[in-house]
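In what follows, a single structure is set out as C-alpha cells and then discussed.
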Amino acid sequence: MKRLFKSIIFSFIIISKVNAQSNKAHNPIIFADVPDASMVRVGDTYYMSSTTMHMNPGVPIMTSKDLVNWKLISYAYDTLGNSDELDLKNGKNMYGRGSWASCMRYHNNTFYVSTFSATTGKTYIFSTKNPENEPWQKIEFQPSYHDHSILFDDDGKIYMVWGAGKLNIAELKDDLSGVKQGTERVLIENASAPAGDNIMLGAEGSQLFKIKGKYYLFNITWPRGGMRTVIIHRADNINGPWEGKVGLQDLGVAQGGLIDTPDGRWFSYLFRDNGGVGRIPYIVPVKWENGWPILGEEGKVPWTLDLPANKSLIPGIVNSDDFNRGKKDKDLPLVWQWNHNPDNALWSVRERKGYLRLKTGRIDSSFVQARNILTQRTIGPESTGSTLLDLSNMKDGDFAGLCLLQKEFGLVGVKLENGTKKIVMVSAPKGQPKEVQSVTLNQNKIYFKAECDFRDKTDKAQFFYSLDGNSWTAIGETINMPYTLPHFMGYRFGLFNYATKNVGGYVDFDYFHISDHISKTNQ
C-alpha cells in the first residue's frame, strides 16, 4: 500500500512538473526565419524588426505583449527603389542581399527602424509615431553602413556604430540625413579579440545600448572550428576605453541584444542557424553581476523560460488565405511577401472574387528569375502548404504552381505545352533544376501541396497533387532543403506563374492553406 501511495505521489509530481513546463515558454520562441532581430519595449508592449533580404515589402515589424508570441503589424518599406537587381530584370537579382540587419529604436515618442543595402549602396532610416496604423517615413543617404546600430544618447547626440572586425562610430546629423562630417573614427580596432585570434567571421551585427549610464555593445563572431559566439563590450564613456568578454557560447545561438520587462527582469534576444527553416529566434535570461549582463543559465541556453507559453505561429507570423476581400480590406495581408519588387499590373485579388490572379507579362527562362512569386515562411518543426489552381486561361508555354523557394528549390506545377497540360515536379539540387516527373492532366483544376519536415534538422520536403482535393498522390522526389548563403533565408512557400513562350495568360489561385503538421504517410 505504501509502495502504491509513493508511486501515486511520484506520478503526481511528474505530471505537475510537465504541466508547469507546458505553461512556460520554450526555445526557440519562433520556429521560423526571423533573423537579426532588434527590439524595443514601450510600456508593456514589445516591438521587433527583422531581416527579409530580397523580399518585398521589407523589414517586417512585429509586436508582442510577452516576448514570446509575436504578430506582424507592418513593414518599414514597400520597395527600396527600382533597378534591374530589385526588379528581377535582365538576368539580375538581389537574392540574399536587398536589405540586411536592421536597428529598431524608440525616442521622443517616435519609432525608428534603420537598415542598409549593399544592392543600392545606401543606408535607410524609417520613422513613425504608430507602427501599426501609420506609414513609415523614409530618409536615405550614402554610403551603406554595414550592420549598423543607432543610439540616441542622453546628451542629444546620435551615434551610429558599424563594421565587421574593426568597428567604427560616427555621429548622425540631428535630422538623421547622414553622418556629421569629421566625427567618424574607429571605436574598437578588433572587436573579435575576446573570442581568440583564429576568427572565421569578424565581429559584426552591432547592437549598442546605454543602461544605467554605461554603454554596452553586442556583436556576433565565429571562431574558426568553433561556433557562433556572443561578444559583449562595455565602457563608461562612448569613446572608451572598451573592455570585452565572451557573452555566450552555446548551440551557436548569437547576434542580438538586451531587453527588459516592465517588472524589471532582463533577457537577451538572439538567433540560431537551424538549417532549411532558416535562422530562428531564441530568448535567454539575463542576470547582472558587477555591471555585466550574464547570459543564459550557467552559460547555457535554456529550453524553458519563465515567460508565457508559446502559441501557434498561425496567424501572427503565417496564415491561410482564401483571397476573399471586402472593400476596406488590404489586397494582401502582412504574412505575404513578393520574392522581389512586384509588377503590380500583373496580379489581383479583385478581378475575380475569392481568387488570387497571377498574370504573365514577359518571357522568363528561369524559375528564380520569374517575378511575382508570392511567398510565406515555412515553419517548424513541420508545416504544409496547399493550394487549388484554375488553369483555364493559361497560354502555351506557361508554368504555374506551388514552390518551396531557396537556391535549391523544389516545385510542383502545371506546364501547358502544345495544347497539352502536364503536372511537373522540378527539383534543383545545387541550384541546377531538373524535371523529375511529369503526369498528363486532362482538367482545368488541380490541387497541390508541399509538406516540410524540419524536425531535428531533417530538412526534407515532398510535393503532392490531387485531382479532387481528397486523394493525394506524391510526385517526383523528396527534396533536401539546405540553407544556402546565395539566398540567405529559410525556405518559403510560394505561388507562381510565368511565361516561357507567350504573354497574356493567367491562372487563378482559389486559396493558400498552411498548417503546422504533415500527413502521417510522409512521416
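The line from CD of Gln249 to OG1 of Thr229 is 3.5 Å long, rounded to the nearest 0.5 Å. Annotation: the span from Ile231 atom CD1 to Ser206 atom OG amounts to 11.5 Å, rounded to 0.5 Å. Distance check, rounded to the nearest 0.5 Å: CG of Asp398 to NZ of Lys501 gives 10.0 Å. Interatomic distance, CG of Leu495 versus CG of Leu374, reported as 5.5 Å (0.5 Å rounding). A distance of 5.0 Å separates CG of Asn274 from CZ of Phe31, quoted to the nearest 0.5 Å. Distance check, rounded to the nearest 0.5 Å: CG of Leu411 to OG of Ser427 gives 9.0 Å.
You'll find the ring centres of Tyr216 and His233 outside the 6.0 Å limit. Between Phe463 and Phe448, the ring center distance fails the sub-6.0 Å criterion. Tyr75 has its ring centre no less than 6.0 Å from the ring centre of Trp136. Between Phe509 and Phe323, the distance separating the two ring centers is not shorter than 6.0 angstrom.
Between Phe367 and Phe496, the angle of the ring planes goes over 60°, which puts this pair in the perpendicular group of the 30/60° scheme. Between Tyr112 and His107, the two ring planes are tilted [angle within 30° to 60°].
Although no hydrogens or angles enter the test, the distance criterion places no donor-acceptor pair under 3.5 Å between the side chain of Asn90 and the main chain of Lys92. Remark: the backbone N or O of Ser177 is paired with a side-chain donor or acceptor of Asp175 at under 3.5 angstrom. Proximity of a side-chain donor or acceptor of Gln406 to a complementary backbone N or O of Met489 within less than 3.5 Å is detected. With hydrogens and angles disregarded, no donor-acceptor distance shorter than 3.5 Å links the side chain of Thr123 to the backbone of Phe116. Side chain of Thr183 to backbone of Lys180: a donor-acceptor contact under 3.5 angstrom is found. In this structure a side-chain-to-backbone donor-acceptor pair under 3.5 Å is present from Thr119 to Gly98. One N or O on the side chain of Arg41 and one on the backbone of Asp260 form a donor-acceptor pair closer than 3.5 Å. Side-chain atoms of Ser74 never come within 3.5 Å of backbone atoms of Glu132 as a donor-acceptor pair (strictly under, hydrogens ignored).
Using a 4.5 Å cut-off on side-chain heavy atoms (C-beta onward), Leu346 and Thr360 make no contact. Side-chain contact between Leu217 and Leu187: present, with at least one pair of heavy atoms (C-beta onward) separated by less than 4.5 Å. Annotation: side chain of Thr128 is not in contact with side chain of Gln137 (no heavy-atom distance under 4.5 Å). For the pair Asn339 and Leu405, the minimum side-chain heavy-atom distance is below 4.5 Å. Side-chain contact between Leu270 and Val284: present, with at least one pair of heavy atoms (C-beta onward) separated by less than 4.5 Å. Counting heavy atoms from C-beta outward, Val34 and Met62 have side chains that approach closer than 4.5 Å. At least one side-chain heavy atom of Met104 sits less than 4.5 Å from a side-chain heavy atom of Phe111. Two residues are said to be in side-chain contact when any heavy atoms from C-beta on lie closer than 4.5 Å; Asn93 and Gln369 meet this criterion.
The existence of a salt bridge linking Arg455 and Asp453 is confirmed by a sub-4.0 Å separation between a basic side-chain nitrogen and an acidic carboxylate oxygen. Between Asp331 and Arg325 there is no salt bridge, since no side-chain N of the basic residue sits under 4.0 Å from a carboxylate O of the acidic one. Taking the charged nitrogens against the carboxylate oxygens, Arg352 and Asp508 do have a contact shorter than 4.0 Å, which makes a salt bridge. The existence of a salt bridge linking Glu134 and Lys129 is excluded, since no basic side-chain nitrogen approaches an acidic carboxylate oxygen closer than 4.0 Å. Between Lys359 and Glu351, at least one side-chain nitrogen of the basic residue sits less than 4.0 Å from a carboxylate oxygen of the acidic one, meeting the salt-bridge criterion. Salt-bridge check for Lys434 with Glu477: passed, with a basic side-chain N closer than 4.0 Å to an acidic carboxylate O.
No side-chain donor from either of Arg105 and Thr110 sits under 3.5 Å from a side-chain acceptor of the other. At a cut-off of 3.5 Å, with distance as the only test, no side-chain donor of Lys71 or Thr63 sits close to an acceptor on the other residue. Under the 3.5 Å distance criterion, with hydrogens and angles disregarded, a donor-acceptor pair is assigned to the side chains of Ser64 and Asp66. Of the N and O atoms on the side chains of Gln207 and Tyr269, at least one donor lies less than 3.5 Å from an acceptor on the other residue. In this model, a donor atom of one side chain and an acceptor atom of the other lie less than 3.5 Å apart for Gln462 and Thr478. One side chain, Asp36 or Gln255, offers a donor N or O that lies under 3.5 Å from an acceptor on the other. Judged purely by distance below 3.5 Å, without hydrogens or angles, the side chains of Trp347 and Asn344 pair a donor atom with an acceptor atom. Under 3.5 Å, the side chains of Gln337 and Thr52 contain a donor-acceptor pair of N or O atoms. Side-chain contact check for Asn372 and Tyr498: no donor-acceptor pair (N or O, by modelled atom type) lies under 3.5 Å.
Within a 6.0 Å radius of CG in Asp456, no more than 12 heavy atoms belonging to other residues, nucleotides or ligands are found. Residue Lys166 places its NZ atom among 12 or fewer non-hydrogen atoms of other residues, nucleotides or ligands, all under 6.0 Å distant. The environment of NZ in Lys89 is sparse: at most 12 heavy-atom neighbours from other residues, nucleotides or ligands sit within 6.0 Å. Few gaps surround NZ on Lys138; more than 12 heavy atoms of other groups in view lie less than 6.0 Å from it. Counting heavy atoms of neighbouring residues, nucleotides and ligands inside a 6.0 Å radius, atom NZ of Lys210 exceeds 12 of them.
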Working for side chain to side chain contact (heavy atoms under 4.5 Å, CB included), residues Tyr511 and Ser386: CA-CA 8 Å; Tyr511 60 78; Ser386 60; 4.2 Å; yes
Kindly determine whether Asn341 and Asn82 satisfy side chain to side chain contact (heavy atoms under 4.5 Å, CB included), including the steps that lead there. CA-CA 8 Å; Asn341 288 357; Asn82 294 99; 3.8 Å; yes
Yes or no on ring-ring contact (aromatic ring centres under 6.0 Å, His included) for Trp336 and Phe512, after CA distance, side-chain angles and deciding distance? CA-CA 11 Å; Trp336 291 111; Phe512 172 79; 5.4 Å; yes
Check against side chain to side chain contact (heavy atoms under 4.5 Å, CB included), Thr484 and Glu408: CA-CA 8 Å; Thr484 70; Glu408 299 193 25; 4.2 Å; yes
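Geometrically, Arg279 engages Phe271 in a cation-pi contact, judged by NZ or CZ lying under 6.0 Å from the ring centre and within 45° of the ring axis. In this structure, Arg357 forms no cation-pi arrangement with Tyr355, as its terminal cationic atom is not both closer than 6.0 Å to the ring centre and no more than 45° off the ring axis. Under a cutoff of 6.0 Å and an axis angle of 45°, Lys415 and Phe399 form a cation-pi pair.
Each of Leu248, Leu208, Leu258 was checked for a side chain to side chain contact (heavy atoms under 4.5 Å, CB included) with Phe218, and the lone residue meeting it is Leu258.
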Listing, residues 158-165 side-chain donor-acceptor contacts under 3.5 Å, not counting sequence neighbours, or none:
none

